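No experiment lies behind these values; they were computed from the predicted model shown.
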Amino acid sequence: MELGEYRKNFFAAYETNGYVLLKGMLKSDMAIRLRNYIEEQFSEESEKKPYDIINDAAIGSIKLDVFNRFHEIYRQVFFETSLIFHLKLLLGNDLVIIPETGIHKNSFGPWHKDVRMHQNAGLTFHWEEDFHIVTVALYFQPNTAEYGGGLEVIPQSHKIRFPQYPPDINGEQVASEPGDVVIFNHNLDHKASWPSREVPHKNTKYSLFICASKNNSHAEKYMAYLKTRPVYGWMHGYTYPDDLCRHAMREGYALAR
C-alpha cells in the first residue's frame with residue numbers, strides 16, 4: 001500500500017471511531033523489557049514523588065513525568081518505533097508532544113473523556129473545530145475479559161459533547177496485545193477494561209500514557225490549564241532530557257513547555 005493511501009485509511013479510521021489501534025508497535029522482546037522496567041518502578045524500593053499515587057483504591061498506582069524520571073521508556077518508544085511517524089499522520093508535521101505522561105499499575109477507572117477536568121473547570125476550547133489532542137496508550141499485557149488489561153471505548157463518542165450513558169453501559173473492548181498502541185481523541189469516551197475475576201501477579205496491568213497535539217493555540221491553552229492543577233506543579237519551568245530534545249530536532253516535532 002502506498003503511503004498516501006495508508007495515511008488516508010489510517011486517518012479515516014481514526015476520524016470515524018475516535019481511536020486507532022496500532023498492532024505490534026513494540027517488538028515482543030521490547031514489550032517484555034519495558035514491562036519489567038515499569039514493574040521495577042512500582043517496587044517498594046523505587047523512588048516516590050509527592051505527586052505520585054500509590055495503591056489508591058479507585059485508580060491504582062500512577063507515577064507522572066516519564067520523560068525526566070524513566071528514560072528507558074521514551075528512548076525505546078520514541079527512538080526505536082514508528083510512533084512519531086504515525087502521530088504525524090494524524091496531527092500533521094507540526095506535531096507537539098505535551099509532558100502529560102505517566103506509568104500506571106492496576107488502574108481501573110470509570111467512563112470519562114480526557115477533557116473532563118478542564119470542562120469541569122469551565123473551559124470549552126476542546127469543542128472548537130481545530131482542537132486536536134490525543135492520548136497515546138501502550139499496554140504490556142493482553143486485554144482480556146478475565147483480567148482487563150487494556151481499554152474499552154465508545155466509538156464515535158468524540159463527536160458527542162454531553163453523552164447520557166447508563167453507568168453500566170458496555171463499550172467496545174479494544175483487542176490490544178503487549179506492545180500494541182492505542183491512540184485516541186481526548187473527546188472520546190473510554191475507560192479501563194475491568195477484570196471479571198481476581199488478577200494474578202503475571203497479569204498485573206501496566207500501562208503507559210503520553211499526550212500529543214496539533215501544534216496550535218489549543219496546545220498552549222492545554223499546557224496553561226495543566227499548570228493550574230496542583231498535581232502538575234512540576235510542569236512549571238519544565239525541561240526535557242537532552243537526548244529527547246535532539247531527537248525532536250532531528251525528527252521535526254516540537255516539545256511543549
Side-chain angles (χ1 to χ4, degrees), residues 14-20 51-53 56-66 87 90-91 96-139 143 148 150-174 176 181-194 205 207-214 216-235 256:
Y14 167 82
E15 280 287 283
T16 298
N17 294 312
Y19 79 98
V20 66
Y51 47 80
D52 289 340
I53 298 170
D56 181 88
I59 58 174
S61 299
I62 302 173
K63 291 191 172 184
L64 302 174
D65 191 13
V66 167
L87 286 174
L90 290 181
L91 302 170
V96 60
I97 300 295
I98 293 173
E100 185 183 22
T101 58
I103 53 174
H104 293 227
K105 175 183 179 181
N106 286 337
S107 293
F108 297 106
W111 287 111
H112 67 286
K113 297 178 185 287
D114 281 349
V115 298
R116 177 183 59 185
M117 295 302 296
H118 57 271
Q119 181 163 296
N120 289 346
L123 302 174
T124 60
F125 64 86
H126 52 282
W127 292 120
E128 295 177 15
E129 186 174 351
D130 57 344
F131 175 86
H132 199 172
I133 297 179
V134 299
T135 298
V136 180
L138 291 85
Y139 297 98
N143 189 16
L151 189 70
E152 190 173 338
V153 301
I154 299 179
Q156 302 185 32
S157 60
H158 61 304
K159 302 174 183 178
I160 304 173
R161 294 196 179 195
F162 302 105
Q164 299 296 319
Y165 304 128
D168 58 348
I169 187 174
N170 289 320
E172 177 180 296
Q173 188 158 315
V174 180
S176 60
V181 172
V182 186
I183 303 176
F184 59 93
N185 191 294
H186 260 215
N187 283 310
L188 185 75
D189 286 281
H190 65 281
K191 73 174 183 65
S193 299
W194 293 355
K205 181 179 181 180
S207 49
L208 163 67
F209 294 94
I210 299 167
C211 185
S213 176
K214 188 175 181 64
N216 59 20
S217 63
H218 293 129
E220 297 175 5
K221 293 174 187 176
Y222 189 60
M223 278 294 294
Y225 162 72
L226 290 176
K227 291 176 183 178
T228 68
R229 299 186 62 192
V231 71
Y232 289 119
W234 47 270
M235 281 193 184

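Remark: side-chain polar atoms of Ser107 are paired, donor with acceptor, to backbone N or O of Ile59 under 3.5 angstrom. For Trp111 (side chain) and Val153 (main-chain N/O), no donor-acceptor pair under 3.5 Å exists by modelled atom type.
Not counting sequence neighbours, His158 has no partner by the ring-ring contact (aromatic ring centres under 6.0 Å, His included) test. Under the rule for a ring-ring contact (aromatic ring centres under 6.0 Å, His included), the partners of His118 that lie at least two apart in sequence or sit in another chain are Phe125, His126, Tyr222, Tyr225. Qualifying ring-ring contact (aromatic ring centres under 6.0 Å, His included) partners for Trp127, counting only residues two or more places apart in sequence or in other chains: none.
Here the rule is side chain to side chain contact (heavy atoms under 4.5 Å, CB included) with Ser213, and of Leu87, Ile133, Val134, Ile97 only Ile133 fits it. Residue Asp114 forms a side-chain hydrogen bond (donor to acceptor under 3.5 Å, both in side chains) with just one option from Asn185, Asn187, Thr135, and that option is Thr135.
In this structure, Lys105 NZ and Ile62 CD1 are separated by 13.0 Å, a value rounded to the nearest 0.5 Å. Rounding to the nearest 0.5 Å gives a distance of 12.5 Å between NZ of Lys63 and NE2 of His104. Going from atom OG1 of Thr101 over to atom CG of Asp65 covers 5.5 Å, rounded to the nearest 0.5 Å. To the nearest 0.5 Å, atom CG of residue Leu188 and atom NZ of residue Lys113 are 7.0 Å apart. The CD atom of Gln119 lies 9.0 Å from the CZ atom of Arg161; values are rounded to the nearest 0.5 Å. If you take CD1 on Ile98 and CE on Met223, they are separated by 7.0 Å, rounding to the nearest 0.5 Å.
Nearest heavy atoms, Ala256 versus Val96: N-CG2, 3.5 Å. When all heavy atoms of Val174 and Tyr19 are compared, the pair lying nearest together is CG2-CE1, 3.9 Å. The minimum heavy-atom distance between Lys205 and Gly150, with the atom names listed, is NZ-O, 3.0 Å.
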